Amino acid sequence: MADEVKDQDLMNKIVSLCKRRGFIFPSSEIYGGINGFWDYGPYGCRMKRAIEQLWWHEMVETRDNIEGLDSTIICHPRVWKASGHLDQFSDLMVDCRDCKSRFRVDLMDDPNTCSNCGSHNLTEPREFNLMMKTFVGPVFDDEHVAYLRAETCQPIFVDFNSVRVATRQKLPFGIAQIGKAFRNEINPRNFTFRSREFTQMEMEFFCHEDEGMKWFEYWKEQRINFYRNKLGFTEDNYRIYVHEKLAHYAKAAIDIEVKFPFGWGELEGVHHRGQWDLSRHSEFSGEDLQYFDHDNGRKFMPTVIETSVGLDRTFLAILSKSYYEDTADTCKEGKDQELRIVLRLPATVAPIQVAVLPLSKKLNEAAEKLYFDLNRHFRCEFDVTGSIGKRYRRQDEIGTPFCITYDFESESDNAVTVRERDSMQQERVNLSTLRDYLEDKIGF
Ligand code: ATP
């Protein structure tokens, strides 16, 4: 119980910091907000882009057998018929006639009792499709219905042949896409964890059926390594859930789960999807999506291994493991055991990587020049307001790993003081080696 309170407390603190410091706030807030939609503010969008860029670099730019795609959000409605989303992508819901609450049947402790008011006066379970509907063209009738994509992977399957032919890739190879997905979630909750509009980062890897399990194991390991090596996740904050109940076409599936303040939650799925997706789109479109292997004259439907992760959930997972409050040693910086809120963000994704802080107004001009120099290589901020202690606290709260103080001696010794966020250790570094010093510590 104590832990639950603490964790709820942590979620409240994260939500509050995100709002206060401009990471994330409710969409259309001045109109009262809209449930399940969130805006990323100045620091938030810097960090979101950095995570996205890290993923893209890892999955596409460092590999010669993964191609990129940027498809439309709205595609032909038959895509969603073929994928099964129009017929099956739904949740079974009941409404309480007394208090008007709505529940997902599979999440209710007792499906005959309202979890809110205890009433037994419930409707029969009804299906709610999660696809977001719109109309294309001036006429709002059934013929003009279209859907916002519920996942970014379907256009990858649809464009499989175009990408393969254009790039002359041979199997095995993959196609990756980052983009918005929309789901009419019945009960958006847990901050951005379950939103109605969110960003996915997905990669579909096409191979021969005989090699499917080998590639499944390979991608599972690659993705776990990404979280460990690039984002600093440890065994305490992630775990692997192995699916035992599989979709009829799937051969294997795992989820990488992460500890959020509300408990463990799915961050990424690595799934062996067999030949299902390409076969369905071949059948529904009439286009043969089989692959012809010129080396041995064999024609076959490729098998697919998918890695699928939510960008917003990655963002929240990083915040959840990075939020700390400490008092230790802050007195060294002129504060008497003051509470310090610090985001121990990985330097690669911190919205600000280096803050340049002149010690006096008289030094602003020289320090600003240094800021402009560094800003060409790192995400930087120039902060001149308040005492140096206050400025450190502000940077700690947004997770800035390095603060550089430009002082009166800098003019004569051509050096600055670099203060590291977590240890608060300070080091004098010569300006001629500063960029290398920071590059070495920050990494990609
Ligand atoms: P869940 O079981 O949590 O509803 P899912 O299994 O339906 O998720 P997938 O369809 O596999 O999710 O989507 C891939 C990834 O997209 C998820 O692992 C998650 O990171 C992200 N995602 C899915 N739904 C949402 C949502 N409503 N809000 C934010 N991210 C989401």
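Numbers for residues simply follow the sequence, beginning at 1. Here the structure is a predicted model, which is why all the values come from computation and not from measurement. Atoms within a ligand are numbered from 1 in the order they appear, just like the ligands themselves.
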Trainee: Under the 6.0 Å and 45° cation-pi test, does R46 pair with Y43?
Mentor: no

Trainee: Which is closest to atom 4 (O) of ligand 1 in terms of heavy atoms, E151, R194, R189, E268?
Mentor: R194

Trainee: Judged on heavy-atom distance to atom 20 (O) of ligand 1, which of T192, L267, T199 sits nearest?
Mentor: L267

Trainee: Relative to each other, are the rings of F206 and F160 parallel, tilted or perpendicular (30° and 60° limits)?
Mentor: tilted

Trainee: Which ligand 1 atoms are under 4.0 Å away from a heavy-atom of E266?
Mentor: 2 (O), 6 (O), 8 (O), 11 (O), 12 (O), 17 (C), 18 (O)

Trainee: Could you say whether the N/O atoms of E202 and ligand 1 ever approach to under 3.5 Å?
Mentor: no

Trainee: In the protein, what heavy atom is nearest to atom 22 (N) of ligand 1, and what distance, to one decimal place, separates them?
Mentor: F198 CE1, 3.5 Å

Trainee: Which ligand 1 atoms, with their elements, are less than 4.0 angstrom from a heavy-atom of S195?
Mentor: 26 (C), 27 (N), 28 (N), 29 (C)

Trainee: Distance to 0.1 Å, residue and atom name: give those for the protein heavy atom nearest to atom 29 (C) of ligand 1.
Mentor: F193 O, 3.1 Å

Trainee: Look at the rings of H208 and F300 and say which category their plane angle falls in: under 30° parallel, 30 to 60° tilted, over 60° perpendicular.
Mentor: perpendicular

Trainee: Validate the cation-pi geometry between R164 and Y291: distance from NZ or CZ to the six-membered ring centre under 6.0 Å, angle to the ring axis within 45°.
Mentor: no

Trainee: When you measure from the centre of the six-membered ring of F284, is the NZ or CZ of R78 closer than 6.0 Å and no more than 45° off the axis?
Mentor: no

Trainee: Is any side-chain heavy atom of T303 closer than 4.5 Å to a side-chain heavy atom of K251?
Mentor: no

Trainee: Between E197, Q200, R196, flag the one that comes closest to atom 13 (O) of ligand 1 by a heavy atom.
Mentor: Q200

Trainee: Looking at atom 14 (C) of ligand 1, what's its closest protein heavy atom, distance included?
Mentor: S308 OG, 3.0 Å

Trainee: Heavy atom to atom 5 (P) of ligand 1, shortest distance: which of R183, R313, H271 holds it?
Mentor: R183

Trainee: Give me the atom names and distance for the closest heavy-atom approach of N112 to H120.
Mentor: O-ND1, 3.2 Å

Trainee: Using a plain distance cutoff, I'd like to know if V309 has any nitrogen or oxygen under 3.5 Å from a nitrogen or oxygen of ligand 1.
Mentor: no

Trainee: Specify whether Y249 and W276 have parallel, tilted or perpendicular ring planes, treating 30° as the upper limit for parallel and 60° as the lower limit for perpendicular.
Mentor: parallel

